[in-house]
Amino acid sequence: MAESLINLQIKPEWFARSADRVAPDLLGCTLVRQIEGISYRGLIVETEAYDATDPACHGYKRQTERNRAIFGQPGSLYVYLIYGIYHCINIVCDRTDYCSAVLIRALDLDLIPEWVSEKEKRSRVAAGPGKLCRALQIDRSLNSLPLSLGSNIWIEPKAVDLEFSVVQTTRIGLTQGADIPWRWYIQNHPAVSKY
DNA sequence: GTCCGGATCACT
DNA sequence: GTGATCCGGACA
């Protein structure tokens with residue numbers, strides 16, 4: 001059983017491409033988060049790309065203690081705290097020592113964790129980068145870890161028979177680089193954070 | 001040392 | 001439109 005799970009994981013080499021190519025390919029893949037032996041599965045429905053050419057990227061100016069993980073190995077995690085309250089999760093792309101990552105902005109969860117409040121609508125509990133991290137207990141303790149079974153977080157490939165239309169547009173919430181069209185989402189999906 | 005503002009979200 | 005709430009990074 002564990003054997004088949006390992007085979008389902010996307011390998012790190014898959015992320016060794018520019019972020020703007022990885023980001024649309026992540027749509028339809030599944031982010032799996034394991035907590036106390038339970039696997040919570042979320043279909044990735046919205047992503048954004050960031051990289052060294054981009055003034056909105058945390059590593060744009062230079063490497064610092066805070067953004068160190070975004071320069072890490074492809075297929076590892078960059079998790080940071082935003083506005084003092086929320087966390088955001090990125091998958092590091094391209095090559096080591098180059099800043100490049102994909103922000104996971106929204107998931108469609110198959111199972112709603114018990115700590116999520118009842119009133120939240122199922123399709124919207126992970127509709128936004130801060131919300132999905134809260135729902136899946138993702139915080140900076142995961143920063144710089146590789147996606148893997150051992151990290152209790154990994155990504156599985158898109159099912160071959162899963163079909164959808166992809167929309168490409170500009171990113172959300174930025175003061176710089178707002179004109180770069182590096183946001184992708186599954187058209188008409190109810191879990192997308194914003195239309 | 002001090003200050004500023006952010007890849008957010010919920011509420012008015 | 002605004003408040004919540006943290007802390008890294010810029011500048012002195």
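Each chain gets a letter, A, B and so on, in the order its sequence line appears, and its residues count up from 1.
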Quiz item: If you find the nucleotide of DNA chain C closest to A:Arg140 and the one closest to A:Tyr86, which residue's nucleotide is nearer the 5' end?
Solution: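 The residue whose closest nucleotide sits nearer the 5' end is A:Tyr86.
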Exercise. To the nearest Å, give me how far apart NE2 (A:His87) and P (C:dG8) are.
Key: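 After rounding, the reported distance stands at 12 Å.
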Quiz item: Between atom CG in A:Asn143 and atom P in C:dC7, what is the gap in whole Å?
Solution: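 About 14 Å, once rounded to whole Å.
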Using a 4.0 Å heavy-atom cut-off across all strands, classify [X] as base, sugar-phosphate, or nothing.
X        : value
A:Gly84  : base
A:Arg66  : sugar-phosphate
A:Arg134 : sugar-phosphate
A:Ser193 : nothing
A:Ile85  : base

Exercise. List the steps and the verdict of side chain to side chain donor-acceptor pair (under 3.5 Å) for A:Glu156 and A:Thr30.
Key: CA-CA 5 Å; A:Glu156 297 176 359; A:Thr30 300; 5.4 Å; no
Quiz item: Which parts of residues 90-115 of chain A get close to DNA chain C, meaning a heavy atom less than 4.0 angstrom away?
Solution: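 Per residue number, the list is empty: none.
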Quiz item: Are A:Gln187 and A:Tyr185 close enough that a side-chain donor and a side-chain acceptor fall under 3.5 Å?
Solution: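 Absent: no donor and acceptor within the cut-off.
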Enumerate the protein-to-nucleotides 10-12 of chain C contacts in which both atoms are nitrogen or oxygen and the separation is below 3.5 Å.
residue : atom : partner : partner atom : Å
C:dA10  : OP2  : A:Arg62 : NH2          : 2.4

Non-hydrogen side-chain atoms of [X] and [Y] separated by less than 4.5 Å:
X        : Y        : answer
A:Tyr98  : A:Asp51  : yes
A:Ile172 : A:Ser193 : yes
A:Cys57  : A:Ile70  : yes
A:Ser148 : A:Trp154 : no
A:Arg41  : A:Leu109 : no

Atom [atom1] of [X] and atom [atom2] of [Y]: how far apart are they, to the nearest 0.5 Å?
X        : Y        : atom1 : atom2 : value
A:Arg66  : A:Leu81  : CZ    : CG    : 8.5 Å
A:Asn90  : A:Asn143 : CG    : CG    : 9.5 Å
A:Leu136 : A:Leu31  : CG    : CG    : 6.5 Å
A:Ser76  : A:Leu145 : OG    : CG    : 8.5 Å

Quiz item: How far does the C1' atom of C:dC7 sit from the matching atom of B:dA10, given to the nearest Å?
Solution: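 Between the two C1' atoms, the distance is 22 Å.
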Quiz prompt | P-based separation of B:dT2 from C:dT5 [nearest Å] | solution =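 It works out to 23 Å between them.
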Quiz item: Going 5' to 3' on DNA chain B, which nucleotide is the first and which the last to come under 4.0 Å of a heavy atom in chain A?
Solution: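 Contact span on the strand: B:dG6 to B:dC11.
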Quiz item: What residue pairs, at least two apart or across chains, pass side-chain hydrogen bond (donor to acceptor under 3.5 Å, both in side chains) with a residue in residues 133-142 of chain A?
Solution: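 Passing the test, one end in residues 133-142 of chain A: A:Glu120-A:Arg134, A:Asp139-A:Ser141.
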Self-check item: Where at least one partner belongs to residues 161-183 of chain A, residue pairs that pass side-chain hydrogen bond (donor to acceptor under 3.5 Å, both in side chains), sequence neighbours excluded
Solution: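 Of all non-adjacent pairs touching residues 161-183 of chain A, those that pass side-chain hydrogen bond (donor to acceptor under 3.5 Å, both in side chains) are A:Glu46-A:Arg183, A:Asp54-A:Arg171.
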Self-check item: Bracket notation of DNA chain B in which parentheses pair within the strand, [ ] cross earlier pairs, and | pairs with another strand (Watson-Crick or G-U, under 3.5 Å)
Solution: ||||||.||||.
Quiz prompt | Steps toward salt bridge (Lys or Arg N to Asp or Glu O under 4.0 Å) verdict (A:Arg17, A:Asp25) | solution = CA-CA 11 Å; A:Arg17 303 177 279 149; A:Asp25 285 357; 2.8 Å; yes
